[in-house]
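To start, the structure itself, in structure tokens.
By convention here, the first residue in the shown sequence is residue 1. Computed from a prediction, not measured in an experiment: that's the story for all the values here. Ligands are counted one by one from 1 in listed order, and the atoms in each one are counted from 1 as well.
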Amino acid sequence: MEEIKVFCPATIANLSCGFDVLGLALENVGDEMIVRKSSTSGIKITKITGQDLPLEAHKNVAGVAGLALLKQSSYIGGFEIEIHKKIKPGSGIGSSAASSTGAVWAMNELLGKPFSKLELVQFAMQGEKLASNVAHADNVAPAIYGGFTLVRSYTPLDIIPIPTPKELFATVIHPQIEIKTSDSRKILKTTISLENGIKQWGNLGGLVAGLFTEDYQLIGRSLEDHIIEPMRSILIPEFDNVKSSSIKNGALGCGISGSGPSIFALSRKKENAQAVAKSMAAIYDKVGVAYDIHISKIATTGVKEIK
Ligand code: HSE
């Protein structure tokens, strides 16, 4: 195979109680990329549509992730990459992760799959480092594995895939402002109280248990963030109203998607996710904030080939 076209899913990181460790992949929101082998060594980004992003490989997350893979590979040729962005950078649904994972997953396929999923996550994390100054894996892991993933440990990297309850749907609303992950990390305090730690890891364990046992009520009870949300929600227009209205309209839980400004809700059944979407949209319509909104199943596969 000389060329491959891939779908790279958008992802929701943190999921309220799992800052930097939990994430999920969306089924029908994502970018497309075309990657082809080239006799010239290195990475050449030949085309980007949908967004104005750097074409120089070392300044582009897809290029940096791809170069990290090439460094560990015995392949002497190179790759050309086309990126067709549908996910807006700074939206909070893993735009940089989609580009980084798309590049390394596609290159691995073209090379005959020499690298494991875990290794691909490690390469893609270099793209995240370029984008946000921190090599976090909570977006790239679900983008590679699909479904929900837990980063149990960063040193050494240990990714645990978590089963997806069948009736779970995500609603994501993106108020049209851009928040850079690097900026929304700068406002975080680096210490937490023991009291909040106890609440947070109780919820994280509850959420993981709820996902394994398909206990929707437990999932809902556990979608709480006592640490990050109070610091970041002030950056997001109408956050408290959107959250309370989502819960009132049937969401199991609602919180900040990744580093924001997108807000996500999880619901049991599509009808509930649609009612939640309507209630979120009504709030932004009322105050005149422009938005994009998505309703999606949780993707059971991560990056994949498309025709
Ligand atoms: N865990 C990261 C953060 C995700 O919240 O900063 C960024 O999408």
Side-chain angles (χ1 to χ4, degrees), residues 8-26 29-31 51 53 61-62 64-65 85 87-102 121-122 124-145 148-155 157-160 162 170 172-175 177-192 196 200-201 203-204 207-208 223-236 239 253-264 292 294 302:
C8 329
T11 45
I12 300 175
N14 301 336
L15 295 167
S16 299
C17 53
F19 178 70
D20 273 3
V21 298
L22 265 189
L24 65 77
L26 296 174
V29 189
D31 294 343
Q51 291 295 327
L53 293 165
V61 297
V64 167
K85 292 296 296 174
I87 313 170
K88 293 185 181 138
S91 58
I93 52 170
S95 179
S96 52
S99 299
S100 307
T101 54
V121 168
Q122 278 164 320
M125 284 166 73
Q126 296 310 310
E128 294 295 69
K129 195 169 175 195
L130 176 72
S132 68
N133 300 326
V134 180
H136 60 93
D138 50 342
N139 292 102
V140 292
I144 293 278
Y145 286 76
F148 285 82
T149 53
L150 170 73
V151 185
R152 191 209 54 85
S153 154
Y154 274 90
T155 44
L157 188 66
D158 187 4
I159 309 281
I160 317 292
I162 298 171
V172 185
I173 191 158
H174 172 210
I177 52 169
E178 186 185 343
I179 298 183
K180 286 200 174 86
T181 298
S182 51
D183 291 336
S184 70
R185 291 184 82 94
K186 272 187 211 139
I187 65 165
L188 300 178
K189 292 193 197 104
T190 52
T191 54
I192 63 167
N196 281 337
Q200 200 86 345
W201 53 68
N203 282 319
L204 180 57
L207 180 53
V208 172
L223 283 169
E224 277 192 30
D225 181 354
H226 294 278
I227 296 173
I228 308 296
E229 188 177 291
M231 292 186 261
R232 279 182 172 168
S233 57
I234 47 168
L235 304 174
I236 304 173
F239 177 81
C254 176
I256 303 172
S257 176
S259 53
S262 288
I263 303 173
F264 81 96
D292 284 336
H294 310 284

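- Closest approach of Pro261 and Gly90 over heavy atoms only: CD-O, 3.2 Å.
- To the nearest 0.5 Å, atom CG of residue Asp138 and atom CD of residue Glu128 are 8.0 Å apart.
- Shortest non-hydrogen contact noted between Leu223 and Leu15 is CD2-O, 3.7 Å.
- The shortest N or O to N or O distance between Asp138 and ligand 1 is under 3.5 Å.
- The closest side-chain heavy-atom distance from Gln200 to Ile192 is not below 4.5 Å.
- Looking only at protein heavy atoms, the nearest one to atom 8 (O) of ligand 1 is Asn139 OD1, 3.0 Å.
- The distance from ligand 1 to the heavy atoms of Phe19 drops below 4.0 Å at these ligand atoms: 3 (C), 5 (O), 6 (O).
- At a heavy-atom distance under 4.0 Å, no atom of Val134 approaches ligand 1.
- When heavy-atom distances to ligand 1 are checked against a 4.0 Å cut-off, Asp20 comes that close through both its backbone and its side chain.
- Set against the non-hydrogen atoms of Arg232, the atoms of ligand 1 under 4.0 Å away are 3 (C), 5 (O), 6 (O).
- Side-chain atoms of Ser259 and Thr181 include a donor-acceptor pair closer than 3.5 Å.
- Counting protein heavy atoms only, atom 6 (O) of ligand 1 is closest to Arg185 NH1, 2.7 Å.
- Ligand 1 does not have Glu128 within reach: every non-hydrogen atom of the residue lies 4.0 Å or more from it.
- With no hydrogens or angles considered, a side-chain donor-acceptor pair links Thr11 and Asn139 at under 3.5 Å.
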